[in-house]
Amino acid sequence: QPACPAQYMNNDEKSFAYVSARDRWPVIITGAIDDTYRSVSQCDDPAKLNEGKAIVAELARLKYELQHDRQMTPLRDDGEADIAGYNAELEKLGTPTWFQSPWLFSECYLYRRIATSFSPSTHWKQYDIFARQKMATFRSSRPAVLELAARYKDLIGQIEKDKTQKGTPEHAEAEKILFHEMCEICLWGNATDLSLLTSLTYEDIQKLQGSEARKASEKNILVNDLEAAYAVLTKARDEGKAERHVDIVLDNAGFELYVDLILAGFLLSSGLATHVVLHPKSIPWFVSDVVPQDFSDLLSALAQPKKFYETPSEDEQLQDKTPEPLADKEAEDLAFLGQFVIRPNRFWTHGGSFWRLPAEKELVEDLKTSELVIFKGDLNYRKLTADAAWDPTTPFTEAIGPMGPGSGVNVLALRTCKADVVVGLKPGEDERIRGTEGGGGDSGLRKWAWSGKWAVVSYSGGK
Ligand code: F6P
Ligand code: MG
C-alpha cells in the first residue's frame, strides 16, 4: 500500500483547519457555554445548579486554553474505555498546543473533552449542549421537510402500485432512477450541518434543500459512483439472498437524519435491503451529529407533527410568536416512518481515522455482513481518507487504505465537501474549480472544498 501523506494541521495557513481552530471552535464553545448557562439559570435544584455552574466554568477554561494556544491536556478519566486511547495519542503527538495539532485529532478531542465536563456529574450526565440548536434548525427546515414528505409518500405509493410490473425493464429503470434521486436527496441533506452555521443563514439552508435546488446541484457532484452501489444491491437481491443489510454511519441530526430515514424507507420498500442499521454517535459531537436521543426526538416529532410544529419553542414564547398551523394533509404526509435498528458504538467518537477500523474486530465483522455501508458527511469522509493531504486525483479506493479493496466492507461515501481533503477527481478538475468564483484562485487555498457547495459520491467494493 502506498504511504499515507501527512495529515492536515491546525497551523497550516492554507487549510480550513487554520480557520476552524482559530475562528470556528471558539464560537462553538461560546455557544455551548451560553446553552448550558441558559439551562443552569432555569434550575430550581441547588445541587444541580452548583454542578451546572462548575461545568460552565470548565467550558470557559477550555475556551481560554484554546484561544491562548495552550497545551492540550490529558482527558479526565470518565470511566469510558476510549479515554486511554485519546491520552495515548496525545502523548504520541508530544502533547502539542492546540494550534500545533493535527486537525482531525484535535477536533475530535475538543468534543470528547467537552463531554468529560458533563459525564462525571450527577445531574448533567446526559445533557446535550447542542440539542436546542439541533431541534430549532430542524423546525426551521419545515418547508423542505413537508415537500419531501409529500414527494416520498407519492413515490412509495407508486412503488406499491408498480409491484405488479416487477421484473419488467420499465420497473427496473424506474427503480434505478429513484435510487439515484433518494441518494442525492440524502447527499445534499448533508450540506446543512450546524457547525457551518456560523456562516450560513436559515434562508440559505432552505435554499439548499428544495427539489429545484437538488436538480441544479447535480453538476456539483464531482464524482458519482451511485451506479456501482446500486449494482451491488440489485445483485444481492437477484441472487435471492434472504437477509440483506444496508448500514448507514450517520452524520447530522434534524434535516439530514430525516433524509437518511427517507433513504432507509425507500431501500426497505423497494426491497433493495431487508434491514437498515443506523450508527449514531455516543456523545454530543461536531455540533449537529446524531445521538440516540435525537433519533427518538425526531420520531416523536414525526409521529405527532401538529404538536411538534404548532407548540411554540422556547424562543418563540419569549418573543410572543405563534407558529403557523400545519394542514391536515401535511400532517398525514409525515406519518410514514417504519422501524429501524440503531446501533451505537464508541468507535465513532474516537480521535483516530477509519484506517483503524480493521482493528475493531467486532465492529468490522458486523460491517462485513452488510451489503453496503453508507458513510454520511464530511467528517466520516475525512476519517475514511485519514484527513491527509492526498493528491486529489488519488483513487478513492487507495485513499481509504485498509478500508479499501480486500477489507470485506463495501463502502459508499455520500459527502458534501467541507474540508480540504478530496480524492478521486479527474486530472485538472481541482484546478478548474479553484478558478471558479470563490474557488480559491491562485491563493493556494482549496477554498471551493470548504463550503458544502460541491460533493463527491465515492464507492469502494471491499469484497
Ligand atoms: O468543515 C467544517 C467542519 O466542522 C469540519 O470540521 C467537519 O469535518 C465538518 O464540518 C462536519 O461536517 P459533517 O457534519 O458533514 O461531518
Ligand atoms: Mg456532522
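For reference, positions follow the sequence shown, starting with 1. Order of appearance sets the numbers: ligands from 1, and atoms from 1 within every ligand.
Numbered from 1 in the order shown, with element, the atoms of ligand 1 that lie under 4.0 Å from a heavy atom of Glu107 read 4 (O), 6 (O). Here is the list of ligand 1 atoms found below 4.0 Å of a heavy atom in Arg24: 2 (C), 3 (C), 4 (O). Residue Phe16 has at least one heavy-atom neighbour below 4.0 Å for each of these atoms of ligand 1: 1 (O), 2 (C). Annotation for ligand 1: atoms under 4.0 Å from non-hydrogen atoms of Lys418 are 1 (O), 2 (C), 12 (O), 13 (P), 14 (O), 15 (O).
An N or O contact shorter than 3.5 Å is missing between Gly377 and ligand 1 by distance. At least one N or O atom of Asp251 sits closer than 3.5 Å to an N or O atom of ligand 1. The shortest N or O to N or O distance between Asn190 and ligand 1 is under 3.5 Å.
Between Lys134 and Asp128 there is a salt bridge, with a side-chain nitrogen of the basic residue lying less than 4.0 Å from a carboxylate oxygen of the acidic one. Salt bridge Asp34/Arg38: absent, no basic N to carboxylate O contact under 4.0 Å.
Side-chain contact between Cys4 and Trp355 is present, with heavy atoms from C-beta onward closer than 4.5 Å. Considering only heavy atoms from C-beta on, Tyr109 stays 4.5 Å or farther from Arg112 through its side chain.
Looking at Asp289, Leu379, Val421 and measuring to atom 16 (O) of ligand 1, the nearest heavy atom belongs to Leu379.
Within Asp289, the N, O or S atom at minimum distance from the Mg ion (ligand 2) carries the name OD1. For Asp251, the N, O or S atom closest to the Mg ion (ligand 2) goes by the atom name OD1.
No donor-acceptor pair under 3.5 Å is formed between the side chain of Glu13 and the backbone N or O of Tyr18.
For residue Ser288, no N/O/S atom approaches the Mg ion (ligand 2) to within less than 2.8 Å.
Remark: Gln42 CD is packed, more than 12 non-hydrogen atoms of other residues, nucleotides or ligands lying under 6.0 Å away. Residue-environment remark: NZ (Lys92) stays at or below the threshold of 12 foreign heavy atoms within 6.0 Å.
Under 4.0 Å from ligand 1, the heavy atoms of Asn252 that appear belong solely to its side chain. Contacts between Arg382 and ligand 1 below 4.0 angstrom, taking non-hydrogen atoms only, involve the side chain exclusively.
Taking the six-membered ring where the residue is Trp, the centroids of Trp25 and Tyr111 are separated by 6.0 Å or more.
Between Asp387 and Gln7, the side chains place no donor N or O within less than 3.5 Å of an acceptor N or O (distance only, hydrogens not considered).
Residue contacts with ligand 1 include Trp103, since one of its heavy atoms falls under 4.0 Å from the ligand. Ligand 1 lies nowhere less than 4.0 angstrom from a heavy atom belonging to Glu256.
Among the candidates Lys418, Lys447, Arg24, the single residue satisfying the side chain to side chain contact (heavy atoms under 4.5 Å, CB included) test with Phe16 is Arg24.
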